[in-house]
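Computation of the quantities below employed the complete heavy-atom set of this structure, encompassing side-chain atoms and omitting hydrogens, waters and symmetry-equivalent molecules. None of the values given here were measured: they were computed from a predicted structure. Atoms within a ligand are numbered from 1 in the order they appear, just like the ligands themselves.
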Amino acid sequence: MSHYLPLSRVARLVGQPRSEIQRMIHNDELATFDGMVDMNELLRVFPDVQWEDDGEFRRVQEIKDKAFGKRVFERALPDKEVLAERLFELGKEFAAAKTLLLHYHEVLRFMGDKLSDVAETGDASTQNAVTQLKQWLKRELNAAPKEAERAEALLAQESVMRIMSAQVTIQPSGHEFFVEGNDTLLEAALRAGIPLNYGCSNGNCGECKARLVSGQVRKVHPHDFVLKEAEKANGAILLCSNTAITDVVIEATVYGANDIPEQGITTRVKAVEMLSDNVAALHLTAPRSQRLRFLAGQHVTLSIDDAEGEYYIASCPCEDRHIEVHVCRDNRGFSRKVFVDLRKDEPVHLVGPRGEFVMKLDSRRPVLFIAWEDGFAPIKSLVQHAMSLEIAEAMYLYWAADAAGHYQDNLCRAWTDALDDFVYQHMSSVSGPQGVAEAILAHHPDLRRADIYAAGPAAFLDALRNGALAHGLSPLGWHGEVVQL
Ligand code: FES
């Protein structure tokens with residue numbers, strides 16, 4: 001019996017990151033068919049996994065959530081109507097399976113009668129052969145299927161997962177994400193850090209239009225009057241107005257840095273958090289109706305009255321309305337305001353995003369994230385984005401700073417604890433750009449299969465890039481950002 005499962009769900013079932021599953025496929029340790037894994041193959045490759053207990057998956061997820069710091073996950077049940085439809089779909093599947101079983105039962109009974117007819121009219125050797133065939137059939141039908149208990153537990157676990165969440169695959173990019181709780185397709189994509197096009201988030205502008213290729217969606221917000229009837233007939237849906245009932249495939253464009261228009265929004269101060277004597281994290285909340293579209297690694301202009309500053313966003317686009325920037329203490333007006341008298345709920349005007357220091361979403365190679373002092377802000381955003389997408393095979397984070405400069409060391413250590421393939425090392429910047437670059441590269445003698453994202457002063461980036469290319473890094477794998485805001 002074949003039952004195929006998509007990779008993202010396999011990762012959840014076995015409590016492993018998706019990148020680990022991809023590594024196993026890459027190394028021929030796990031076979032796939034059309035990008036799916038057969039249930040029997042899953043049982044073979046993971047003989048020790050307890051399917052009836054998702055405790056391990058929950059534990060990893062909890063640690064991961066904690067490591068994200070401010071990120072808020074809604075672990076709500078889906079809306080009761082969505083839940084009812086998913087149960088109905090599952091019921092239909094079971095009904096179809098049962099009907100098929102009854103049909104097989106009938107065919108078997110018919111075959112038994114036919115064989116008896118043949119035996120009655122045949123000679124002794126025919127009768128003997130028919131008797132043996134009937135005995136064999138009886139034995140096989142009465143025998144318990146191979147690994148029946150584990151297969152049952154796996155199917156039960158997978159069914160529960162499909163009721164709680166639906167998987168979405170985007171064509172042609174191949175990105176995947178889960179729709180959980182009461183999220184719309186748009187909210188779930190943004191939560192997963194996948195930059196899809198959108199505008200109003202409430203069904204009015206039509207910017208989030210996509211095409212439903214397969215699966216079932218349900219309208220959770222009433223508006224879709226911007227869609228023409230002909231478009232609807234052709235499968236067009238608004239991602240901000242629909243949720244997924246079953247696993248779905250949609251056709252939509254995943255945007256790059258240059259596709260995102262500059263936006264001007266008025267945010268509110270949620271908190272000013274002192275990360276060290278000289279660095280503060282400014283937590284801002286975007287309006288519900290005008291969330292900021294940006295990619296990890298980009299920067300924005302912030303202003304309060306006539307005080308203005310340019311800052312990298314240090315949070316992940318997957319954090320919904322939350323935007324975090326790191327502000328260094330200096331004599332400029334905006335910094336003074338943050339360190340002296342910025343109050344909760346005060347408005348801060350934001351214009352942006354800008355910059356092309358963003359993740360290459362189609363690369364699955366190991367990634368080195370490297371920050372020099374306050375170049376950490378865009379690197380933090382990129383790390384969190386990479387974590388939410390679970391695309392890199394392995395991640396290494398190096399942060400060079402002076403003795404007091406690793407102002408979020410604990411957060412980086414929490415990432416190491418939470419993820420299997422994440423290595424963090426803080427480094428002293430006293431040996432200078434060349435010395436730090438050499439110390440990092442000494443850990444990576446062969447960089448032919450790697451991507452590097454580095455943010456810091458030009459001298460450091462030059463030393464690092466030259467050294468990395470000498471270690472085999474492809475020029476396409478280099479992503480450097482001179483941080484001098
Ligand atoms: S974002 Fe405006 S209609 Fe969906």
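Residue-ligand proximity, Ser201 to ligand 1, at heavy-atom distances under 4.0 Å covers atoms 1 (S), 2 (Fe). Applying the 4.0 Å criterion to heavy atoms of Gly206 picks out, from ligand 1, the atoms 2 (Fe), 3 (S). Listed by number with element, the atoms of ligand 1 under 4.0 angstrom from any heavy atom of Gly203 are 3 (S). If you number the atoms of ligand 1 from 1 as listed, the ones under 4.0 Å from a heavy atom of Cys208 come out as 1 (S), 3 (S), 4 (Fe).
Both tests pass for Arg293 against the ring of Tyr198: distance under 6.0 Å to the centre and angle within 45° of the axis.
Put simply, Cys205 stays out of reach of atom 4 (Fe) of ligand 1, with no N, O or S atom under 2.8 Å from it. At a cut-off of 2.8 Å, Cys240 is not counted among the residues with an N, O or S atom near atom 2 (Fe) of ligand 1.
Between Val348 and the choices Val325, Val269, Val338, Thr285, the side-chain contact (heavy atoms from CB on, under 4.5 Å) rule is met once, by Val269. With Trp399 as the partner, the ring pair (Phe, Tyr, Trp, His ring centres under 6.0 Å) test is satisfied by one option alone out of Trp415, Phe369, Tyr407: Tyr407.
Ring geometry, His444 versus Tyr398: the interplanar angle exceeds 60°, so the pair is classed perpendicular (tilted spans 30 to 60°).
No side-chain donor from either of Asp374 and Tyr312 sits under 3.5 Å from a side-chain acceptor of the other.
You'll find the ring centres of Phe422 and Tyr396 outside the 6.0 Å limit.
By the criterion of a heavy-atom distance under 4.0 Å, the backbone of Asn204, and not its side chain, is placed next to ligand 1.
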